[in-house]
Asks: 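Would you mind keeping the following structure in view while I ask a few things?
None of these values were measured; they are calculated from a predicted model.
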Amino acid sequence: MSKNIEDIVYSEVAKQPIPFEIISMENLYKRFENHSVDLFSSHRIQFNALIIITEGNSTHDVDFKEYILSPGVLIPLVKGQVHFFKKELLVKGYIISFNEPFITEHISEKNLFHFLHLYHTSNLLIGEENIALLFPFIALLEQVQSSTNNNLKSDFVKTIFLSLLIQIKRLTIYQHEIFESRRFKDFIHFKLLVSQYYQESHNAKDYANRLAISYKYLNDICKEVTNKTAKAFIDSWLLLEIKRNISEKKYTTQEIGFKMGFPEPSNFIRFFKKHTGTTPNKFIKRYN
């Protein structure tokens, strides 16, 4: 990268009266042809998004992994992730951008479960043959978005989008494990606590205590959802966030280590090398 990773907030990307927008890939590229925001360099988004591919083939980089784009592929993006678009537009499809609370506040537990379940998944595949089944929801979202009638617009958009997510989940039902609702919600709560308290503790037992559950139960649900122990999940989360921070080029190695809950720089470097086989400084040189 030739410059620091930029934080991109919703208002810089979308210009809608409500924090939700659907736009075609083609129009997104046109919007940012001469824009101060560079979609084609790595940037950390501060909102959620959903990429839906309907035609063509390409790749998309999210959190240091490259995903294949082809018809029927969908990529959910969550706040805090680092990604970038390819400069050459080789695919057609849609980008839906929204602030998560707009969707998740004041919805039923069942719909919240569907949302969290899909947004825990890095990429989704519905198959090219099923793309047409999404078009009625996409067309309705576009119609409501362009309407000047703002009466109950937020509620209507939220309802249509949640219906779209449920349709996507129906079409990917055999691709993913279906978790028991209570256990999955406990895992999501654990994941949220890690993002809040990682500076204080990297110990899985501390998080079990915060959740008022047993350490064994926490391990069980982590293995069920991620195929990792609770400790391994914490380590993988820390490693990803460290890579994001390194790539931002805003902090020194020592500052990142302290920020991630490693008071001693040597412990931070040892942790990073254990999981990557290289040092933070060598990682950024290789990434460049």
Side-chain angles (χ1 to χ4, degrees), residues 44 48 61-67 76-83 100 112-113 115-124 175-248 251-284 286-287:
R44 186 193 287 254
N48 284 25
D61 288 75
V62 183
D63 280 339
F64 316 101
K65 290 184 181 180
E66 186 177 74
Y67 294 94
L77 299 171
V78 297
K79 180 179 177 180
Q81 286 192 303
V82 171
H83 79 129
E100 182 175 313
L112 180 61
F113 171 70
F115 176 86
L116 293 174
H117 195 192
L118 287 182
Y119 269 81
H120 175 69
T121 309
S122 58
N123 65 314
L124 303 160
Q175 181 189 351
H176 306 285
E177 293 288 339
I178 303 302
F179 308 110
E180 192 269 318
S181 177
R182 179 70 265 163
R183 292 167 71 86
F184 185 72
K185 286 175 185 174
D186 286 339
F187 168 76
I188 293 296
H189 194 188
F190 164 62
K191 187 177 180 181
L192 180 61
L193 287 180
V194 172
S195 70
Q196 292 175 330
Y197 297 106
Y198 61 87
Q199 283 186 305
E200 296 181 22
S201 176
H202 302 160
N203 189 322
K205 290 183 179 179
D206 290 341
Y207 291 98
N209 290 335
R210 284 185 181 274
L211 289 163
I213 59 178
S214 72
Y215 174 65
K216 182 183 182 303
Y217 174 75
L218 179 59
N219 253 337
D220 287 345
I221 61 174
C222 282
K223 289 176 183 177
E224 183 179 319
V225 177
T226 69
N227 292 318
K228 297 176 182 177
T229 65
K231 175 58 178 170
F233 174 81
I234 294 169
D235 288 348
S236 64
W237 188 93
L238 287 169
L239 187 63
L240 176 57
E241 191 59 26
I242 288 166
K243 288 180 178 180
R244 290 170 175 170
N245 276 268
I246 289 173
S247 301
E248 287 181 283
Y251 314 100
T252 66
T253 300
Q254 186 172 349
E255 286 172 333
I256 293 172
F258 185 77
K259 182 181 178 185
M260 298 306 300
F262 294 90
E264 295 296 327
S266 59
N267 290 340
F268 168 62
I269 295 171
R270 192 179 302 115
F271 171 86
F272 191 84
K273 192 170 184 178
K274 174 186 175 183
H275 291 282
T276 65
T278 188
T279 65
N281 288 335
K282 288 181 179 179
F283 170 80
I284 193 58
R286 187 173 64 193
Y287 186 68

Asks: Show the numbers, then the answer: is there a side-chain contact (heavy atoms from CB on, under 4.5 Å) between Phe115 and Asn48?
Replies: CA-CA 12 Å; Phe115 176 86; Asn48 284 25; 3.8 Å; yes

Asks: Quick one: sort the Phe64 and Phe283 rings into parallel, tilted or perpendicular, breaks at 30° and 60°.
Replies: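 Judged by the thresholds at 30° and 60°, the geometry between Phe64 and Phe283 is perpendicular.
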
Asks: Say you draw a straight line from CG of Asn245 to CG of Leu240; how long is it, rounded to the nearest 0.5 Å?
Replies: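 Separation between the atoms: 10.0 Å.
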
Asks: Minimum heavy-atom separation for Ile246 to Pro280, with atom names?
Replies: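 Shortest heavy-atom contact: CD1-CB, 3.8 Å.
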
Asks: Could you pull out all donor-acceptor pairs under 3.5 Å where a side-chain atom in residues 260-273 meets a protein atom, sequence neighbours excluded?
Replies:
| from | atom 1 | to | atom 2 | distance (Å) |
| --- | --- | --- | --- | --- |
| Asn267 | OD1 | Arg270 | NH1 | 2.7 |

Asks: Any donor-acceptor pair under 3.5 Å linking the side chain of Lys259 with the backbone of Gln199?
Replies: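 The answer is no, because no donor-acceptor pair under 3.5 Å joins these two groups.
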
Asks: Determine whether Thr276 and Lys243 make a side-chain contact, defined as any pair of heavy atoms from C-beta on separated by less than 4.5 Å.
Replies: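 A side-chain contact exists here, since the closest heavy-atom pair is under 4.5 Å.
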
Asks: Would you check if the side chain of Asn219 reaches a backbone N or O of Ala230 as a donor-acceptor pair within less than 3.5 Å?
Replies: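 Confirmed, Asn219 side chain pairs with Ala230 backbone.
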
Asks: Which heavy atom of Phe190 sits nearest to which heavy atom of Leu218, and what is that distance?
Replies: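 Scanning both residues, the minimum pair turns out to be CG-CD1, 3.6 Å.
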
Asks: Please check if the side chain of Asp63 supplies one atom and the backbone of Val82 the other of a donor-acceptor pair under 3.5 Å.
Replies: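 At least one qualifying donor-acceptor pair exists.
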
Asks: Looking at residues at least two apart in the chain, or sitting in another chain, which of them share a salt bridge (charged side-chain N to carboxylate O under 4.0 Å, His left out) with Glu200?
Replies: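 Partners of Glu200 under the salt bridge (charged side-chain N to carboxylate O under 4.0 Å, His left out) test: Arg210.
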
Asks: Just checking, Lys228 and Phe233: is the charged tip under 6.0 Å from the six-membered ring centre and within 45° of the axis?
Replies: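 Judged by the rule, Lys228 and Phe233 form no cation-pi pair.
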
Asks: Should we count CD of Glu255 as having more than 12 external heavy atoms under 6.0 Å?
Replies: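 Yes, CD of Glu255 has more than 12 neighbouring heavy atoms, counting only those of other groups under 6.0 Å.
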
Asks: My understanding is that only one of Arg183, Arg182, Lys216 makes a side-chain contact (heavy atoms from CB on, under 4.5 Å) with Ile221; could you say which?
Replies: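 With Ile221 as partner, Arg183, Arg182, Lys216 yield a single side-chain contact (heavy atoms from CB on, under 4.5 Å), made by Arg183.
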
Asks: Got a donor-acceptor contact below 3.5 angstrom from the Arg44 side chain to the Gly80 backbone?
Replies: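 Side chain of Arg44 to backbone of Gly80: a pair is present.
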
Asks: As an exercise, state the distance from CD1 of Ile213 to CG of Asp220, rounded to the nearest 0.5 Å.
Replies: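 Output value for this atom pair is 9.5 Å.
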
Asks: How about Tyr197 and Tyr207: do any of their side-chain heavy atoms sit closer than 4.5 Å?
Replies: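 They are in side-chain contact.
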
Asks: Return the orientation label for the Trp237 and Tyr198 ring planes: parallel under 30°, perpendicular over 60°, tilted otherwise.
Replies: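 Because their plane-to-plane angle lies in the 30° to 60° range, the rings of Trp237 and Tyr198 count as tilted.
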
Asks: Apply side-chain contact (heavy atoms from CB on, under 4.5 Å) to the pair Glu66 and Asp61, showing each step before the final yes or no.
Replies: CA-CA 4 Å; Glu66 186 177 74; Asp61 288 75; 4.0 Å; yes

Asks: Give a yes-or-no answer on whether the side chains of Tyr217 and Asp186 include a donor-acceptor pair shorter than 3.5 Å.
Replies: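 Yes.
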
Asks: Supply the atom-to-atom distance Lys231 NZ to Cys222 SG, rounded to the nearest 0.5 angstrom.
Replies: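 Those atoms lie 12.0 Å apart.
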
Asks: Identify the heavy atoms of Leu116 and Ile188 that sit nearest to each other, and give their distance.
Replies: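 Nearest pair, atom of Leu116 first, then Ile188: CD1-CG2, 4.0 Å.
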
Asks: Roughly how far, to the nearest 0.5 Å, is the NZ atom of Lys274 from the CG atom of Asp235?
Replies: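 It comes to 6.5 Å.
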
Asks: Heavy atoms only: give me the nearest Ser195-Leu192 pair and the separation to one decimal.
Replies: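 Taking Ser195 first and Leu192 second, the nearest heavy atoms are OG-O, 2.6 Å.
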
Asks: Determine whether His120 and Phe184 satisfy the following criterion, side-chain contact (heavy atoms from CB on, under 4.5 Å), listing intermediate values before the conclusion.
Replies: CA-CA 10 Å; His120 175 69; Phe184 185 72; 3.9 Å; yes

